[in-house]
Protein chains: 2
Amino acid sequence: MPSKNTHANEGATRRKLIETGVRLFGLHGFEATSTRALATAADANLGSISYHFGGKEGLYRAVLEHIVEIKMAEIGPGLDRVLTVCADASASREKLLETLRVLVRTMVGVMIGGEQSQAFSQIMMQEQIAPTASFDLLYSGFFEKVQAAWAAVLGRLTGLPTDNRELRLRTLSIMGQFVIFRVGMAATLRRLDCEKLSDEIMECIVRFGIQQVEAIVDGFTPVDQPGCACGRQEDRI
Amino acid sequence: MPSKNTHANEGATRRKLIETGVRLFGLHGFEATSTRALATAADANLGSISYHFGGKEGLYRAVLEHIVEIKMAEIGPGLDRVLTVCADASASREKLLETLRVLVRTMVGVMIGGEQSQAFSQIMMQEQIAPTASFDLLYSGFFEKVQAAWAAVLGRLTGLPTDNRELRLRTLSIMGQFVIFRVGMAATLRRLDCEKLSDEIMECIVRFGIQQVEAIVDGFTPVDQPGCACGRQEDRI
DNA sequence: AGGAATTAATCATTCGATTGAATATATCCC
DNA sequence: GGGATATATTCAATCGAATGATTAATTCCT
């Protein structure tokens with residue numbers, strides 16, 4: 001177990017392994033990434049994986065923790081601001097809508113933008129499709145919090161309580177409008193006949209994304225529990 | 001190369017291998033699925049994979065072809081009907097909206113419903129995240145056709161031509177509202193605290209899905225090429 | 001000197017693929 | 001019809017390569 005190290009390049013190998021892990025695990029998935037490929041790409045010795053992380057699985061877990069840490073540092077404060085606004089009973093509808101717009105812009109930026117984001121998102125998607133033992137790490141550390149922020153805003157705007165089933169389903173559905181560009185990146189690029197989503201395209205997605213989300217909120221009427229479709233709607237802001 | 005065979009169980013091993021391949025490849029991905037696991041699960045000999053398909057990769061390609069075949073047989077006629085309606089210049093707005101509703105219902109059914117659908121969709125998602133050499137098979141055989149149908153309806157309803165960039169992006173985004181439930185199935189189930197998406201939940205998704213898509217179409221205003229936001233809108237049906 | 005970190009070498013296991021023999025069925029010739 | 005031949009399929013055994021992990025020796029720095 002490595003403890004304090006006063007070397008100039010303290011934890012350099014460890015760090016390089018994690019960064020390489022993000023890239024390779026994201027590209028090929030857990031199983032298809034060999035420890036040798038990792039060590040070579042990280043300019044590290046094969047044994048250092050076992051030494052620092054106890055094995056391939058330990059490195060993978062460390063990679064997920066690293067992703068959660070970076071991502072939450074990036075968007076965590078923003079999510080907290082969203083929750084604060086939503087907790088304020090006196091927040092105006094316009095204020096809530098503005099918060100929603102910020103969420104869309106953040107979502108698109110995080111999901112699509114950035115070189116590093118790509119590898120991050122790919123690992124997250126891999127975990128969604130074929131969850132490993134470390135799935136909880138991502139879910140509790142990231143997915144749940146993002147969902148909670150979206151659900152908070154949408155809950156205020158629709159009048160549905162945050163534990164409502166329809167609200168949770170709709171929240172996922174609305175987020176899906178943007179997640180698709182990460183998950184269906186291969187098909188998207190083929191469809192647009194280009195090699196990467198340019199800033200211009202991202203801006204376009206943000207713009208119509210905001211329009212679509214607002215249209216959804218404006219047109220909202222509860223559909224779950226058919227008999228009760230008449231209730232609660234007067235609580236909407 | 002196996003040709004005509006009048007055996008009673010003609011191609012039985014071949015068929016069993018493909019069916020098992022759908023299941024295992026979907027569960028663990030291409031790399032993480034071993035030929036031994038495939039052969040054992042299919043009650044076949046290890047050598048039969050090479051014999052029938054030339055190797056693991058050949059079996060995988062056959063699995064993708066099988067998926068495309070089944071899926072297109074399932075939804076192909078429906079997609080053709082959609083294209084027919086959209087090609088009819090005299091089709092009313094209500095007719096187009098009804099077509100859109102059918103597409104939503106089909107999408108949810110295909111993406112979420114069915115035991116077999118699960119393995120199918122998982123393979124498709126795997127290919128999206130980490131496209132293999134056989135990606136084209138899925139894209140040309142399935143993705144492209146589904147996208148084309150959605151784009152045709154949405155194009156008519158928004159007045160955008162089918163080769164318009166914004167239309168294509170919006171089409172993907174709108175489809176994303178339903179794809180998310182397949183791709184984010186793990187997170188969805190955790191969020192709802194259940195083990196499978198019941199028929200009741202699927203019906204709920206269809207209902208609010210239709211509502212949301214209609215709201216998006218109703219609230220549509222072009223956002224791409226900012227200077228031209230004033231044009232074309234009068235062509236909408 | 002002494003602990004932390006790195007290195008090369010090696011372990012047993014598993015991988016995908018191939019082989020040649022064995023089996024089963026179909027086709028042909030008389 | 002019936003033996004002989006040809007073809008299609010299955011099977012157990014084995015190949016070399018690659019895998020994850022471990023070890024003991026070595027290097028590096030305080």
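Each chain gets a letter, A, B and so on, in the order its sequence line appears, and its residues count up from 1. Below, all heavy atoms of this structure are taken into account, side chains as well, without hydrogens, waters or symmetry copies.
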Can you tell me if the side-chain N/O atoms of A:His52 get under 4.0 Å from OP1 or OP2 in C:dA4? no

Describe the nucleic acid contact of A:Ile49 in one word from base, sugar-phosphate, nothing, applying a heavy-atom distance below 4.0 Å. nothing

Separation of D:dC11 C1' from B:Leu46 CG (nearest whole Å): 10 Å

Taken to the nearest whole Å, CZ/A:Phe53 to C1'/C:dT6 is 14 Å

What's the closest nucleotide to the A:Arg36 side chain, out of C:dT6, C:dC15, D:dG20? D:dG20

Please determine, for the side chain of A:Lys56, which listed nucleotide (C:dG16, C:dT6, D:dA21) has the closest atom? D:dA21

Over how many whole Å does the gap from B:Leu38 atom CG to C:dG16 atom C1' extend? 11 Å

Just by distance, with hydrogens left out, do B:Gln212 and A:Arg170 show a side-chain donor and acceptor under 3.5 Å apart? yes

Please state whether the phosphate of D:dA21, meaning OP1 or OP2, lies under 4.0 angstrom from any side-chain nitrogen or oxygen of A:Thr35. no

Is a salt bridge present between A:Glu19 and A:Arg15, judged by a nitrogen-to-oxygen distance below 4.0 Å? no

Whole angstroms only, please: what is the CD-P distance between A:Glu57 and D:dA21? 8 Å

Can you establish whether the number of heavy atoms outside B:Asp163 located under 6.0 Å from its atom CG is more than 12? yes

Round to the nearest Å and state the distance from B:Arg15 atom CZ to D:dT10 atom P. 11 Å

Atom CG of B:Leu17 and atom P of D:dT9: how far apart are they, to the nearest Å? 13 Å

Should A:Asn45 be listed as having a side-chain N or O under 4.0 Å from OP1 or OP2 of C:dA8? yes

Please compare B:Ala44 and A:Gly55 by the position of their nearest nucleotide in DNA chain D and report the one closer to 5'. B:Ala44

For B:Ser34, answer base if it contacts any base atom (sugar-phosphate contacts may also be present), sugar-phosphate if it contacts only those atoms, and nothing otherwise; contact means non-hydrogen atoms under 4.0 Å. sugar-phosphate

If you look only at pairs with a residue in residues 162-195 of chain A, which of them pass as a ring pair (Phe, Tyr, Trp, His ring centres under 6.0 Å), with sequence neighbours excluded? none

OH of A:Tyr51 versus P of C:dA4: gap in Å, rounded? 7 Å

Mind telling me whether A:His66 and A:Phe120 have parallel, tilted or perpendicular rings, with 30° and 60° as the class edges? perpendicular

d(CD, B:Glu31; C1', D:dA18) in whole Å: 12 Å

